[in-house]
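Written below as structure tokens is the structure these notes are about.
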Amino acid sequence: MQALVIAAHGSHLNPNASDPTYAHADTVRETGAFDEVREAFWKEEPHFREVIRTLESDEVFVVPLFISEGYFTEQVIPRELRLEGWEPEKWGSDGTNASQVTLEVGDAAKTVHYCGPVGTHDAMTDVIVQRAQSVTGDPDVGEGVGLAVVGHGTERNENSAKAIEYHTERIRQRGRFEKVKALFMDEEPEVDDVTEFFGNEARIASDRSNGQRQCDDIVVVPLFIADGYHTQEDIPEDMGLTEDYRLGWEVPADVDGHWIWYAGAVGTEGLMADVILERAADAGADIGGALETDVTSSDDRGHRSETETEPGTDTGTGMGD
Amino acid sequence: MTIATATFESLLAAADAESGIEFDGLRIEQTGKNEYALETPETERTGLEADALRQALEPLAAYVTNWWYWRESVGGEGTARRAFLRWCERAPLALEERDAETGATDEDALTVSERYTALRDGIDRKWGQLCVTARLDDDGDDGDNGDEPTGERVYDCWHVDDADTDLTDLKVYDDPRDARKLSTHDEDGRYRPLKTAPTLRSGWAFTGLSGDELVETVGFFYPATVANWHRERRGTLDVDHWLETAERQTGIYDVVEDLPREAVAWMADACCVDSQCLRRREWQYEEGDDLDVDGGDGAFTCREPCSLVIAAARKWTILESEAEHTYELELTTSERNQLEELIDAVAEGRTDEIREADVNDGANRFRARYLRAKRFDEDGNLEATRVDE
């Protein structure tokens, strides 16, 4: 028997923080690929600490529903799961390319395949593009359209920025969108200035000299796992979609003469379940035909720099808790 | 004919296996070529050929269908799931549960015939605020079996407060995953971050669940309680006391190991008592150093401080790092008493029950507003003078 555990942050304060986790777990359940599927949380129940013992399967695939490698995926989850002999080096990752490591746990006779976070999987690139399609309602969206991938920022979360830049570059190389840009909440380039990066007055000349034209339409996809105060309050206000998040905003919204298509957290996209399945399959899970379409290509990534802090969850409770 | 051919053939195959069958009072052993011994509390027969065995089992069909249900439908020998489902119908303990020195006894266990009688009406068990009913599946009867049940069980699950409520007055569910939504908010619509808080709302019922579905449903209402209960019954529960749990924390929770010992006791008194959580606190300050606070009589074992306790401990660690001071302030005796009433009302979650015009209650809103108007200064602070400067 094989089990899948989706390890997510959860929240003590926001009842909706776990919704995407449950939704993706249900999608995986319905594929029948695993004998058991379990949600586990840092702030909800079952806690990471007690999830393994609830399983009957000998073989357990743990997929962290986090954006990046860092504090949670390297310290908290392995420690709370009691992964024996774990150390971050076992992933052999440069910060964004952890795949999996197979270990025993201290409280049950089971083998755990501890996978890298969903956010750094190549298939995540497709989820971002899918997000752009669903928010615009245009399956061919791209031509003449700008795409901004938004992350928390590097102040506490260096690998989060790496993950965002990684997917941004992959999408850019596909040449589908007029322009693709990684933006951040906490540091340059900031999401506040989104329109400037897509050919606002001051930039048009230089952009044209690069052979790019102004993008009237800009799709903004935040690389967060769940919708919370970052994606539903800070970012919409920072971009000028609305004066006050409580008043809501239009999709698309007119900002400085551009149409901003703001998508909400990418982690809520249904296609995320495929990324979870891909992660488990990469770690050796037999998922049969659960992936109807091959949403990812092989590991074609280059090498980038190291070190990590923590991922871009947005649980509505504040970071790092 | 009351025993299905397929069932009988499985039974024979199991009896032919080396150890024979010994299960819930039914004992069948192969004693020679095509020769069997049969024993139940009611019967003892030897030298039976297969056909005779089948004849002899006819009046004992309950033993056979019981064996079949636990072997084929439930399976999972040694699992928490199986132990829980057996507990649901007061079946005897598994051997390893009896052997453990955990106090788990077979005292209220029912024999197969007692169980089948009881299962026709349904056997009720209480699991926290859940009432779980095990019963024989009426729909499982097929024509060949006449009135005899096939032995398949189904399970119902609802809130203990709805025990006397008619099913038609309850919202009925059959997908275990619906338990997630039902357990997310309390009756007042407040989020329940602690699944074992005694605030599960009522008004719903799950009916006709399979054993697997019941365990899944219970797992959504009270995650990991079945697994830890099973460990406790087998004497293998692993308890992580306060200090070891605190010391392994990192990041913003790194500080909680500095929480003074007496504050850990106040915290347990505040958070880990029966009125706040259905779990029974088994963790202490550290091994051999018990907290002088009752762990409660909760149904579920609490094997380590939960994430809510850790998060609250961080707040209290920071607060307890402050120095104490002496203040001088003026209050009438009644006003002093009123402060106690206010704190009590909040601590007991009683504020919503205080009637609008009940000015005799010190925690009444108008009484509180009056006290604030009288004793707070323009900046909204309680007028008090620090005298130890």
Side-chain angles (χ1 to χ4, degrees), chain A residues 1 9-19 21-23 25-27 29-30 35-58 70-72 74-80 82 105-109 156 309-310 315-321, chain B residues 75-82 175-177 180-181 183-186 189-197 212 215-216 218-231 236-238 240 245 248-254 279 300-312 314:
Chain A
M1 286 175 75
H9 192 286
S11 169
H12 287 160
L13 300 173
N14 174 7
N16 305 120
S18 49
D19 287 351
T21 314
Y22 288 136
D26 287 349
T27 304
R29 280 188 179 98
E30 278 148 24
D35 301 291
E36 298 171 285
V37 177
R38 201 78 82 227
E39 306 87 343
F41 303 97
W42 172 231
K43 293 289 186 173
E44 297 179 34
E45 298 167 81
H47 193 269
F48 298 149
R49 193 79 180 152
E50 301 197 331
V51 68
I52 300 294
R53 64 188 59 202
T54 70
L55 300 165
E56 289 184 18
S57 305
D58 301 324
Y71 177 62
F72 281 98
E74 294 183 350
Q75 287 192 51
V76 175
I77 298 172
R79 179 189 76 214
E80 298 295 297
R82 302 172 178 83
V105 287
D107 65 330
R156 298 180 61 189
T309 45
E310 49 189 82
T315 60
T317 61
M319 288 290 291
D321 55 352
Chain B
E77 201 80 45
T79 61
R81 169 176 59 87
R82 181 182 174 94
D175 185 340
R177 287 176 282 177
R180 291 190 305 225
K181 279 278 172 234
S183 61
T184 300
H185 296 94
D186 66 13
R190 283 177 304 197
Y191 176 43
R192 298 173 71 241
L194 178 66
K195 295 278 194 236
T196 47
D212 284 357
V215 173
E216 206 183 345
V218 170
F220 283 129
F221 278 119
Y222 295 128
T225 57
V226 171
N228 284 326
W229 163 86
H230 190 228
R231 286 180 177 231
T236 59
L237 183 71
D238 47 337
D240 289 347
T245 305
R248 76 163 197 267
Q249 302 302 318
T250 53
I252 64 168
Y253 298 116
D254 193 29
R279 278 189 252 192
F300 313 126
T301 179
C302 177
R303 45 162 302 283
E304 72 173 46
C306 67
S307 73
L308 282 144
V309 162
I310 293 295
R314 174 174 184 265

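Convention: sequence-line order gives letters A, B, ...; per-chain numbering from 1. Remember, it's a predicted structure, so these values are computed and weren't measured experimentally.
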Q | Shortest non-hydrogen contact between B:Thr184 and A:Pro15, atoms and distance | A | CG2-CB, 3.9 Å

**Q.** Minimum-distance pair of heavy atoms, taken over all atoms of B:Ala311 and A:Lys43
**A.** CB-NZ, 4.1 Å

**Q.** Heavy-atom contact with chain B under 4.5 Å, split by part of A:Tyr22
**A.** both

Q: Starting at CG of B:Leu308, measure out to CD of A:Glu44 and round the result to the nearest 0.5 Å.
A: 9.5 Å

Q | Largest heavy-atom contact set with chain A, pairs under 4.5 Å, which of B:Thr79, B:Asp238, B:Thr250 | A | B:Thr250

Q: Could you tell me which portion of B:Ile310 (side chain, backbone, both or neither) has an atom closer than 4.5 angstrom to a non-hydrogen atom of chain A?
A: neither

**Q.** Which portion of B:His185 sits near chain A, non-hydrogen atoms under 4.5 angstrom
**A.** side chain

Q | A:Gln75, part contacting chain B, at a heavy-atom distance under 4.5 Å | A | side chain

Q: Heavy atoms only: give me the nearest B:Tyr191-A:His12 pair and the separation to one decimal.
A: CE2-O, 3.3 Å

Q: Please flag which part of A:Arg29 lies under 4.5 Å from any non-hydrogen atom of chain B: side chain, backbone, both or neither.
A: side chain

Q: Heavy-atom distances under 4.5 Å only: say whether A:Asp19 touches chain B with side chain, backbone, both or neither.
A: side chain

**Q.** Part of B:Tyr222 within contact of chain A (heavy atom distance under 4.5 Å)
**A.** neither

Q) How far apart are the closest heavy atoms of A:Glu45 and B:Pro193, and which atoms are they? A) OE2-O, 3.7 Å

Q. So which part of A:Glu36 gets closer than 4.5 Å to some heavy atom of chain B, the side chain, the backbone, both or neither?
A. neither

Q) What part of A:Glu50 lies closer than 4.5 angstrom to a heavy atom of chain B: side chain, backbone, both or neither? A) both

Q.
Quick check on the interface: out of A:Arg49, A:Glu56, A:Glu39, A:Arg38, who has the most heavy-atom pairs with chain B under 4.5 Å?
A. A:Arg49

Q. Charged N to carboxylate O under 4.0 angstrom, A:Glu30 versus B:Arg177?
A. yes

Q | N-O pairing of A:Glu80 and B:Arg248 below 4.0 Å | A | yes

Q.
Could you measure the distance from the CZ atom of A:Arg79 to the CD atom of B:Gln249? Nearest 0.5 Å is fine.
A. 5.0 Å

Q) Salt bridge or not for B:Arg303 and A:Asp107, using N-O below 4.0 Å? A) no

Q) Of the non-hydrogen atoms in B:Asp240 and A:Arg82, which two are nearest, and what is the gap between them? A) OD2-NH2, 3.9 Å

Q) Among B:Ala227, B:Ala224, B:Pro223, which residue forms the greatest number of heavy-atom pairs with chain A at distances under 4.5 Å? A) B:Pro223

